[in-house]
Amino acid sequence: MRASWADLAANSAVENAGAGAGTSANNAGPGNSLPPSRSTYVPPHLRNRPPSAEPPAPAYSGGTTSGAGTANAGSRWGAPRGGEYRSGGGGGRGSGWGNRSGGWDCGRDREVNPFGDQDDTEEAFNEQENSGINFDAYEDIPVETSGNNVPPPVNTFAEIDLGEALNANITRCKYVKPTPVQRHAIPISLAGRDLMACAQTGSGKTAAFCFPIISGILRGQPMQRPPRGVRTVYPLALVLSPTRELSMQIHDEARKFAYQTGVKVVVAYGGAPINHQLRDLEKGVDILVATPGRLVDLLERARVSLQMIRYLALDEADRMLDMGFEPQIRKIVEQMDMPPAGVRQTMLFSATFPKEIQRLASDFLSSYIFLAVGRVGSSTDLIVQRVEYVQESDKRSHLMDLLHAQRANGVHGKQALTLVFVETKKGADALEHWLCMNGFPATTIHGDRTQQEREMALRSFKSGNTPILVATDVAARGLDIPHVAHVVNFDLPNDIDDYVHRIGRTGRAGKKGLATAFFNDNNASLARSLAELMQEANQEVPAWLSRYAARSSFGGRNRRSGGGRFGGRDFRREGSFNRGGSDYYNAGNNSAGYGASGGYGAGASSAWD
DNA sequence: AAAAAAG
């Protein structure tokens, strides 16, 4: 079985133990100029004074990390920096501000090294799996772009002028080469264009929108407008995501990318004490990562203003714009004080992009570029999908059989992680209890648990302490949980997209994954799309499932409208979609280097995680 | 109908 690019990317980029080859460290980025130091309060809109012929920012100023490409030592002292010169931070509130340096901040405000949490488990897992990554597999990846004047993709980080500090972090992250989505999305974003992007998770999606944002903030022109109150903060970028845990994850990643750039990243989400988040905000925020509810709260308290927003990114954008979230998003984006589309830059990322949602989303975009990177099946062909007919009453004992078998298999001495999806919160609790009663160490994550419990469950699962996690759809999207060997759809979802997102929690990082679904009459409406999806991914479709699929061909609410491909296609082109899979629509940009070997088949969105 | 997201 061939490794997909996403897995290769994840493998090499995220988990790669192969010492960071400094492909990008030498790229002494000009234009990465920083504001002059201030010893006094500097309002946010004045913090990014355009460069006055300053040398590049210091990429590195401490001794804790080796091999970070210190570059030219002179630049470190080339200009005074806020962080190095500020005396004790003129009065609490302004303490972080004016610090774009990357120099050590005074005393307690020193930036915590976000790379410090490398866990040993990770290292141990990595050793065996990171050799022989075949980057040539990238050649197979089809790319679809549409829109006017699409900037061409880049092949290396060095080609992109992200600046020295950011490049140093890229090295620290052991990113050697941009992933396909990064190769395309970053130039588009750096060119200031709005973007609707389809990309698999694990493909460096977070970096794809974080890099341009951080880079843009570092070099940005200030928007001149007075703050309207001292307690109000004015982030320059807003990143929204549908779950608290996903926001936390994005925050963790963004902090790594922004390390020692002086760009401040703050996260705000519900279920946690707001006071701590308020304190973080008061220390200064450039990039705010948030879930919608808590953000609305902060906006209504006037503790956050969106007036200065230059960048808006929606992760899992199709989820953010579905029935449950859309009003809140509309409120945040259209009814508060955020600059309108065309003034701000907007980036939407998702894996699945139904055309109805694309249409909704276009309200938030201005003259945008549509980008789809990846090949149908590229995410899922590493995942062996099994569907078993199991009556409701037999599900528990069936699950127990699976778990026993897995335990017997024993993976490298380390207990393999199993993620079990159920339909309801109550069902999650009940199943967890039952598993524990039967000697299987399980925990659960769902919306009825306290935030503390949720976070603890996730930590415990990730660490392998509790190798079975029973989850609702709260854990279906975006979460990067390494080493999930098996996803069990104890209850199948009603929507095929949810299924795709769920099984996408395994089969990551170039490893094989296994996904088992329990199917019965209750899931008849999913039969057709499930069978189609499995066929797409070259999976064996049980004959009985095909019969179900044929039977339910009329009622198929879940069937792709128009016969498929709605995930990887620009809805603006809906007029002419009866084309072959290898013939891409493209207006002005064909990504040279990518073969036309892929093609999007029916039910295509399913391959997008 | 369920889940998520504010308290």
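Naming: A, B, ... by sequence-line order, numbering from 1 per chain.
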Take the protein atom CG of A:L246 and the nucleotide atom P of B:dA5, then report the distance between them rounded to whole Å. 11 Å

NZ or CZ of A:R502 within 45° of A:Y499 ring axis and under 6.0 Å: no

For residues 425-454 of chain A, which residue pairs qualify under ring pair (Phe, Tyr, Trp, His ring centres under 6.0 Å), counting only residues two or more places apart or in two chains? A:H404-A:F440

What pair of heavy atoms forms the shortest contact from A:L306 to A:D337, and how long is it? N-OD1, 3.0 Å

Spacing of A:L492 atom CG relative to B:dA3 atom P, expressed in whole Å: 16 Å

Side chain of A:N494 only, heavy atoms from C-beta on: which candidate in B:dA1, B:dA2, B:dA5 is closest? B:dA1

Looking at A:R303 and A:E282, is there a salt bridge between them, counting it only when a charged N and a carboxylate O are closer than 4.0 Å? yes

Assess whether atom CE of A:M456 is packed by more than 12 heavy atoms of other residues, nucleotides or ligands within 6.0 Å. no

Looking across every strand, which nucleic acid part, if any, lies under 4.0 Å from A:G324 by heavy atom: base, sugar-phosphate, or nothing? base

Using atom CG of A:D497 as one end and atom C1' of B:dA3 as the other, report the distance to the nearest whole Å. 15 Å

Atom-to-atom span, NE2 of A:H501 to P of B:dA4 - whole angstrom: 16 Å

Length of the CG-P vector between A:L479 and B:dA4, whole Å: 12 Å

Phosphate OP1/OP2 of B:dA4 contacted by A:K425 side-chain N/O (<4.0 Å): yes

Base, sugar-phosphate or nothing for A:R319? Non-hydrogen atoms, less than 4.0 Å. nothing

Under 4.0 Å between a side-chain N/O of A:R454 and OP1 or OP2 of B:dA5, yes or no? yes

Contact under 4.0 Å: A:R244 side-chain N or O vs B:dA4 OP1/OP2: no

Can you check the A:R477 CZ to B:dA4 P distance for me, whole Å? 14 Å

Between B:dA2 atom P and A:H446 atom NE2, what is the distance in whole Å? 15 Å

Is the phosphate of B:dA4 approached by A:T472 (side-chain N or O, under 4.0 Å from OP1 or OP2)? yes

Nearest-angstrom distance from the residue atom CG of A:L321 to P of B:dA3: 22 Å

